[in-house]
Amino acid sequence: MSDLNNTDLHEEPESSVTVIEKQAQRRIFKIIVIGDSNVGKTCLTYRFCSSKFPDKTEATIGVDFREKTVNVEGEQIKLQLWDTAGQERFRKSMVQHYYRNVHAIVFVYDVTKMSSFENMPGWICECDQHNLNRDIPRILVGNKCDEKEKIAVNTNLAQKFADSYNMPLFETSAKDDEKANHVDAIFMTLAHKLKNAKPMMPPYLTVQLGDNAQRRGLERASTEERNDSCSC
Amino acid sequence: MTAVKEISMISKRFGDEFCSEEASKNNNSRQSVKRNKEFNKSEKWQNIEKTLEQDPVDVSSLKQFAISPGGLLDDELRKEIWPKLLDVDVDNIPPKPGIEVLHGHRDYNQVVLDVNRSLKRFPPGMDENIRLGLQDQLVDLIMRVLVNHDELHYYQGYHDICVTFLLVVGEDVAFALVDKLSLNHLRDFMDANMDRTKHILNYLYPIVGKSNPELREFMERSEVGTVFSLSWLITWYGHVLNDLRQIVRFYDFFIACHPLMPIYLAAAIVLHRADEILACECEMCFVHGLLSKIPQDLPFEQLISKAGDLYLQYPPADLAYDAILNFQKTQSYAKARSKNLQKFTRNKKIDKKHWFIFDHDRKNGFLKFTFWTVTTAVVSAAVIAYLRSFEWEW
Ligand SMILES: Nc1nc2c(ncn2[C@@H]2O[C@H](COP(=O)(O)OP(=O)(O)O)[C@@H](O)[C@H]2O)c(=O)[nH]1
Ligand SMILES: [Mg+2]
């Protein structure tokens, strides 16, 4: 993952120690968030970056950008979240630019809407087409878990799907204040994975989440072979 | 006198009641005092009313009012003038089709999703029941246009344009106005894909570069692209500005001008913020982060007049070649070309009256303007006419 080292280049001559320190402080990871319109991509990224559920969201036009600096094992890491428009016309011609050099991908579906889950293979395919580097971390997020009585996508089904693509699955809610920590944990999981994903080391997830199903997903993600076939 | 000087003079003659931010930043106090004296809202109002009394009404004077500082001043005037600017007959608006027709359209679900999320576009403090009623009207208004023209495709952001018209002129007249605009100013955004929209965005760098080559070079190096200005263009800034009065002022300007004017305004905004941009780290996300948020306190009247100046100095046809180069740089040209060609031939068949900002020249594969000749002679008093002077085939 050579991109990781390219995020910050210093031209001035400096002692190697300060260079490393500076780089360490300023590592930036670019994460793209994709999925159908209205599944809650904007709310999730807003929840993470601003620590609240937005009272008025609007349709995303093109690409929006949010960022947050987090501390991972003593290192300040900046996570840049690129929140994309769900409407097909945008991603076909506008969003490609943003697929370049991403360090991680977050796929989002709405647990109350089967079609948003059924469209996942299409999104994954499209991503594979844009991304030469298939080894970047990818996670699957089922949002709107707070709508318990409306759940349409069964957890087992989603877990199987995630397993087949070798992605960890998270079911969460951007809206539910009690899940706020959980949304943070999802992005922190990615941050850990990114921080530790050095070229010579196998990616490994270190965050312990409370929910067993989620942890199972994570473990599998790091041990199983990636299903690389793209049929679209 | 050159066209450029003339337009600047016009913007100076109408002063700063609407751009006090400009006056306050202006070091030359003598000049700002002079401007304040010279702009007179009630005088402009009287002139507009006088023009409206004439029969037939002089549309080019109305366009001039819409462009010059303060625009059309008031929503009551807009109700009367916008239809005239767009040659819409408000007494002959076709009736609304039945619910089954409106709700059966392919884009209906997306429209509902977007309208449900459009709360921010309604005046704060509006009664919830009234707002909900307006949101229903907004869905109907959008669907009416779409069912009326099968070749038009809904895009996220179209609802931001429609809500502005709905709030100012009401559902029926809004339908008639948006219907007309959708076949003209907005037509390029409403293809099945966004290729033409992308072409338009490709004008941004050439315009910026002519005025400030260093800034263009910096932005190119940062790889920021043009998507930060996408919502500006396709919503006519409705999506990014909070103040409805500011938005409708822009709408006055855009309705009266060439369809590419929103991209000239984008260039004016970028140029205005040159120092901030150049102070940024030269990296996509920093520059994108800065640019995608439009400060709400920009000197908007000044920027409108700047956009007009840029348009006169660097008319679209002068930039077309550069825009194509920009386009070639950013994507596989051959692929887009074959797609465009197909689309072009198809659309031609559908309706000859629709024009596009870009048409494809089949022979050499270049994009060219089909509706606008820059060589139009510019005579002194007609400068504003120059701004809006291409003749539409309604
Ligand atoms: N109940 C519930 N609603 C949510 C949640 N996240 C988002 N929403 C709502 O879903 C709609 C779409 O959210 P948005 O973030 O704009 O979706 P996007 O199109 O994927 O960016 C909005 O009306 C949100 O209020 C959630 O976790 N629970
Ligand atoms: Mg969104």
Side-chain angles (χ1 to χ4, degrees), chain A residues 3 6-11 26 28-32 36-43 46 49 54-69 78-103 110 113 115-116 130, chain B residues 107 109-122 124 153-160 189-199 201 223-235 238-240 281-293 330-332 336 339:
Chain A
D3 315 356
N6 289 340
T7 48
D8 201 1
L9 294 173
H10 291 269
E11 278 155 34
R26 299 175 67 187
I28 297 171
F29 294 108
K30 199 170 136 182
I31 300 169
I32 190 165
D36 275 12
S37 195
N38 212 57
V39 297
K41 300 179 294 298
T42 300
C43 291
Y46 191 90
C49 294
D55 46 337
K56 294 174 188 172
T57 59
E58 289 186 281
T60 308
I61 295 177
V63 180
D64 269 343
F65 160 77
R66 295 184 184 84
E67 63 181 6
K68 182 170 182 172
T69 300
K78 191 180 267 187
L79 297 183
Q80 289 174 351
L81 305 183
W82 293 85
D83 171 24
T84 61
Q87 203 190 2
E88 176 162 331
R89 54 194 296 113
F90 288 104
R91 62 182 221 253
K92 281 272 148 63
S93 52
M94 296 290 168
V95 175
Q96 302 146 340
H97 185 63
Y98 298 91
Y99 279 112
R100 282 193 295 150
N101 306 326
V102 298
H103 299 111
D110 174 349
K113 202 160 174 230
S115 59
S116 73
H130 287 295
Chain B
D107 287 326
N109 288 335
Q110 184 72 56
V111 171
V112 171
L113 291 180
D114 293 345
V115 169
N116 284 345
R117 291 182 284 180
S118 64
L119 306 193
K120 221 183 121 196
R121 299 299 321 278
F122 294 89
H153 296 259
Y154 173 75
Y155 61 88
Q156 291 186 303
Y158 186 69
H159 67 300
D160 282 303
F189 312 144
M190 303 189 76
D191 275 346
N193 63 38
M194 301 197 83
D195 289 348
R196 286 175 200 278
T197 307
K198 249 163 89 173
H199 295 326
L201 289 171
E223 297 192 350
V224 66
T226 50
V227 174
F228 67 85
S229 61
L230 174 66
S231 67
W232 307 357
L233 175 71
I234 66 179
T235 72
H239 189 75
V240 286
E281 204 159 318
C282 189
E283 219 264 301
M284 174 169 85
C285 56
F286 295 107
V287 184
H288 181 101
L290 177 76
L291 280 170
S292 59
K293 283 166 201 70
T330 50
Q331 70 165 305
S332 154
K339 261 198 227 145

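Residue numbers start from 1 in every chain, and the chains themselves are labelled A, B, ... in the order their sequence lines are given, proteins ahead of strands. These numbers come from a predicted model, not from an experiment.
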- Let me know if Tyr158(B) has heavy atoms under 4.5 Å from chain A in its side chain, its backbone, both or neither. neither

- Query: Between Gln156(B) and chain A, which part of the residue has a heavy atom less than 4.5 Å away: side chain, backbone, both or neither?
  - Reply: both

- Checked Val227(B), Thr197(B), Leu119(B) vs chain A; the most non-hydrogen pairs under 4.5 Å come from Val227(B)

- Message: Taking side chain as everything from C-beta outward and backbone as N, CA, C, O, which of these in Asp160(B) sits under 4.5 Å from a heavy atom of chain A? Side chain, backbone, both or neither.
- Response: side chain

- Under the side-chain hydrogen bond (donor to acceptor under 3.5 Å, both in side chains) rule, collect the residues that match up with Arg117(B), sequence neighbours excluded. Ser37(A), Asn38(A), Asp114(B)

- For Cys285(B), the side chain to side chain contact (heavy atoms under 4.5 Å, CB included) test, sequence neighbours excluded, returns Phe65(A), Gln80(A), Trp82(A), Glu283(B)

- Distance-minimising heavy-atom pair for Leu230(B) and Gly62(A): CD2-CA, 3.7 Å

- Message: For Val224(B), which atoms come within 4.5 Å of any heavy atom of chain A: side chain, backbone, both, or neither?
- Response: backbone

- Query: About how many Å separate NE2 of His239(B) and OG1 of Thr60(A), when rounded to the nearest 0.5 Å?
  - Reply: 7.0 Å

- Note on the structure: When the 4.5 angstrom heavy-atom criterion is applied to Ser292(B) and chain A, the contacting part is neither

- Item | Taking every non-hydrogen atom, the tightest pair across Tyr154(B) and Gln87(A) | O-NE2, 2.9 Å

- Message: How close do Arg89(A) and Tyr155(B) get, counting heavy atoms only, and between which atoms?
- Response: NE-CB, 3.2 Å

